[in-house]
Amino acid sequence: MINPFYIDAHISFKEIRELDEQGKNSRVILAHDKNLDCNLVIKEIKKNIFDYDRYFNEARKLYLSAHPNVVQIQYAAQDSNNIYLGLPFYKNGSIHNLMNEKFLTVSEIIRYSIQFLSGLYHIHTKGLIHFDIKPNNIMLSDRDEALLSDFGLAEKINDAGFASPEMLYNLHRSPESFSDEELDFTTDIYEAGVTMYRMLVGHEQFNNEADQLHSTNNPVELILNGSFPFKNYPLHVPRSIIKIVNKCLEKNKKDRYQSVQQILNDLSKIESADSLHWRIHPSKKEIVWIGIKKGAKVTIEFDMKKNKCYGRKELSSGKHQKISEYCKDAVKESDIRSLLTK
């Protein structure tokens, strides 16, 4: 006979260390699960904050959204004080962590974006709006693939296609979120646009833009009129991806992409080229781009104070050879952009 009652079972894990992302009412730890004999990420949530049904809300949403580009939940459990969500541990960390280590190339950004957007498109087909898309919430698998994570703010849409989030991350808030009580899938599209923008410009520039936003008398107005983010792209970023990101960031949601599938289609149309592989190395005095052109390592240096550009390639012997077309005086930013994106 089938037992009609639920059975309480026990989990057993040993905490290894706390991880970077902590919440007000939760903490995230790396732990070794004794029963599975593996390391997991455990999200520990205090039980005295929400009603019981809310305890496992995130777990249910994650379970509903099974997809290769969505972080999968291993289990959900509880004790007298907390609930625990067991998630895979990815040694590569998040996109945010990767951005701390280096600037991403446009090619890498396109690849990671297609991957996490594929996960986002899937959860939209399940009737969920994520509401918290940002570099911290995009994990990198052991195969270096981007996976969408953290469904703590996700909400199910109603019959009209809208949802009302409990809260939003301010720097990624869409203009309509400051006035509309209910939001739709285009809010996630805006947040995805901010995420791709951050990947293109890097932490330092985006943080500077955020500081400027907060220093104004009315920061919300800059978001409402579409002035933030500033849309000041590095010189090596081609117009093709700028156009895509800017369309995601349109202040009027009707002017944005209306489906994640449309973004995926446009990203997939960007043809592979050497110009997508520049890695930028900025400093206060100069900007250096390093990439591969026709199989050779090429370096372009731009002295911002002297407006001089110098280019060289590394030969198979290890010596360097000057590239005349990249060596110019009195160059403008438009000249550099043309050299880098052709």
Side-chain angles (χ1 to χ4, degrees), residues 20-21 24 94-106 109 112-113 131-138 153 165 167-180 183 186-239 241-253 255-257 278-289 302-307 331-334 336-337 340-341:
D20 293 339
E21 291 300 312
K24 181 179 179 181
S94 67
I95 289 287
H96 186 275
N97 299 139
L98 185 62
M99 291 168 61
N100 280 331
E101 298 173 7
K102 61 185 179 181
F103 269 85
L104 305 181
T105 67
V106 172
I109 292 166
Y112 289 141
S113 295
F131 286 129
D132 198 19
I133 303 167
K134 55 188 178 183
N136 302 71
N137 290 340
I138 302 172
L153 300 183
M167 63 184 73
L168 290 166
Y169 176 50
N170 283 336
L171 288 178
H172 283 221
R173 285 189 65 171
S174 62
E176 68 273 8
S177 70
F178 290 94
S179 55
D180 290 356
L183 303 171
T186 59
T187 296
D188 273 355
I189 287 172
Y190 180 89
E191 291 187 0
V194 180
T195 299
M196 288 188 286
Y197 179 76
R198 291 179 67 167
M199 291 163 70
L200 288 165
V201 304
H203 283 321
E204 183 176 359
Q205 179 177 320
F206 187 78
N207 290 339
N208 287 339
E209 291 186 17
D211 289 342
Q212 292 180 57
L213 173 73
H214 293 138
S215 67
T216 62
N217 293 328
N218 191 354
V220 174
E221 183 59 31
L222 291 182
I223 298 174
L224 292 176
N225 65 27
S227 298
F228 179 85
F230 295 167
K231 304 178 183 67
N232 183 19
Y233 295 89
L235 299 177
H236 67 284
V237 179
R239 298 291 182 187
I241 192 168
I242 290 175
K243 183 178 179 181
I244 292 170
V245 176
N246 283 351
K247 187 169 182 179
C248 293
L249 295 174
E250 286 285 352
K251 62 182 179 181
N252 187 333
K253 63 182 182 181
D255 294 329
R256 289 178 213 146
Y257 289 101
W278 292 114
R279 197 176 304 281
I280 187 172
H281 302 266
S283 66
K284 293 182 179 180
K285 294 182 179 180
E286 65 177 8
I287 305 175
V288 177
W289 291 269
F302 175 45
D303 189 315
M304 295 178 288
K305 293 186 177 181
K306 298 179 180 179
N307 289 326
V331 293
K332 297 178 292 187
E333 287 191 353
S334 57
I336 302 295
R337 185 181 296 276
L340 292 165
T341 59

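One is the number of the first residue; the rest follow in order along the sequence.
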Task: Minimal non-hydrogen separation, Glu286 against Asp303, with atom names - done: CB-CA, 4.2 Å
Task: Side-chain donor or acceptor of Asp188 paired with backbone N/O of Phe131 under 3.5 Å - done: yes
Open item on the list: Is there a side-chain contact between Val288 and Phe302 in this structure, where contact means two heavy atoms from C-beta onward sitting under 4.5 Å apart?
Closed with: no
- [ ] Using only heavy-atom distances, determine whether the side chains of Glu191 and Ser174 contain a donor-acceptor pair under 3.5 Å.
- [x] no
Open item on the list: Is it true that, when you exclude Glu204 itself, more than 12 heavy atoms of the residues, nucleotides or ligands shown sit nearer than 6.0 Å to its CD?
Closed with: no
Task: Neighbour count >12 (heavy atoms, 6.0 Å) for atom CD, Glu333 - done: no
Task: Distance-only donor-acceptor check, side chains Thr341 and Arg337, under 3.5 Å - done: no
Open item on the list: Looking at Thr186 and Ile189, would you say the former's side chain and the latter's main chain have a donor-acceptor pair under 3.5 Å?
Closed with: no
Task: Reported NE2-to-CG distance for the pair His214 and Leu222, which is rounded to 0.5 angstrom - done: 10.5 Å
Task: side chain to side chain contact (heavy atoms under 4.5 Å, CB included) between Arg173 and Val194, worked out - done: CA-CA 9 Å; Arg173 285 189 65 171; Val194 180; over 6 Å; no
TODO: Could you list the residues that satisfy ring-ring contact (aromatic ring centres under 6.0 Å, His included) with Phe206, not counting sequence neighbours?
DONE: Phe228
- [ ] Locate the shortest heavy-atom distance separating Ile336 from Val331; write the atom from each residue and the value.
- [x] CD1-CG2, 4.0 Å
- [ ] In plain terms, say whether Glu176 and Arg256 are close enough for a salt bridge, that is, a side-chain N and a carboxylate O under 4.0 Å apart.
- [x] yes
Task: Side-chain heavy-atom pair Pro282, Phe103 within 4.5 angstrom cut-off - done: yes
Task: Validation row: Cys248, Tyr190 side chains within 4.5 angstrom (heavy atoms) - done: no
Task: Non-neighbouring partners of Tyr169 that pass ring-ring contact (aromatic ring centres under 6.0 Å, His included), sequence neighbours left out - done: His172
Open item on the list: Tell me whether Tyr233 contacts the main-chain N or O of Val201 through its side chain, where contact means a donor paired with an acceptor under 3.5 Å.
Closed with: no
Task: Minimum heavy-atom distance between Met199 and Leu104, given as atom pair plus value - done: CE-CD1, 4.2 Å
- [ ] Working to the nearest 0.5 Å, report the span between CD1 of Ile95 and OG1 of Thr195.
- [x] 9.5 Å
Task: Close side-chain approach of Trp278 to Pro234, heavy-atom, < 4.5 Å - done: no
TODO: Answer yes or no: is there a donor N or O on one side and an acceptor on the other, between the side chain of Asn137 and the main chain of Ile133, under 3.5 Å?
DONE: no
Task: Flag side-chain contact, heavy atom, 4.5 Å: Tyr197 against Phe230 - done: yes
- [ ] Output the distance between atom CG (Asn246) and atom CD1 (Ile241), rounded to the nearest 0.5 Å.
- [x] 10.5 Å
Open item on the list: Looking at Ser113 and Ile109, would you say the former's side chain and the latter's main chain have a donor-acceptor pair under 3.5 Å?
Closed with: yes
Task: Straight-line distance of Arg198 CZ to Asn207 CG, nearest 0.5 Å - done: 7.0 Å
Open item on the list: Quick check for you: to the nearest 0.5 Å, what is the distance between Lys251 atom NZ and Leu224 atom CG?
Closed with: 9.5 Å
Task: Side chain to side chain, His281 and Ile287, heavy atoms closer than 4.5 Å - done: no
- [ ] Return the minimal non-hydrogen interatomic distance between Lys231 and Gly226, and the atom names on each side.
- [x] NZ-O, 2.7 Å
- [ ] Taking all heavy atoms of Ser94 and all of Pro135, pick out the closest pair and write down the distance.
- [x] CB-O, 3.7 Å
Task: Inter-residue atom distance His236.NE2 - Arg279.CZ, 0.5 Å rounding - done: 9.5 Å
Open item on the list: Looking at Asp132 and Lys134, is any side-chain nitrogen of the basic one under 4.0 Å from a carboxylate oxygen of the acidic one?
Closed with: yes
- [ ] Could you tell me whether the side chain of Leu168 reaches within less than 4.5 Å of the side chain of Leu153, counting heavy atoms only?
- [x] no
Task: Heavy-atom check, side chain of Met304 versus side chain of Lys285, under 4.5 Å - done: no
